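Below you'll find the structure, written out as structure tokens, and then a few comments.
Owing to the predicted nature of the structure, the values given are computational and were not obtained by experimental measurement.
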Amino acid sequence: MLCTRQSVKQISAGLYFSNEYYFAGLFKKKTGLSPGRYRRKTEEGTLTDFNIIESEPGHYVNRALLASESD
């Protein structure tokens, strides 16, 4: 969300989710914010704890999301 201007639909497809609504719901469950609101808050500078890592070349993810996936 932070490193691209792709739509939520494009991001979810790139991550192999069956649809953007499932991705958006999971994103909100993990972060507490919808993808759009998360993006707006980061652009406003009101969300500053990103904890973003590059999971593979050109793909970035919040470290907390990776940790919760392995639980």
In residues 13-28, what donor-acceptor pairs under 3.5 Å come from side-chain atoms, sequence neighbours left out?
residue	atom	partner	partner atom	Å
N19	OD1	Y21	N	2.9
N19	OD1	Y22	N	2.7

*asked:* Using the side-chain hydrogen bond (donor to acceptor under 3.5 Å, both in side chains) criterion, which residues pair with S34? Sequence neighbours excluded.
replied: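 S34 satisfies side-chain hydrogen bond (donor to acceptor under 3.5 Å, both in side chains) with no other residue.
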*Are side-chain heavy atoms of R5 and R39 found at a separation under 4.5 Å?*
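Yes. Closest side-chain heavy atoms under 4.5 Å.
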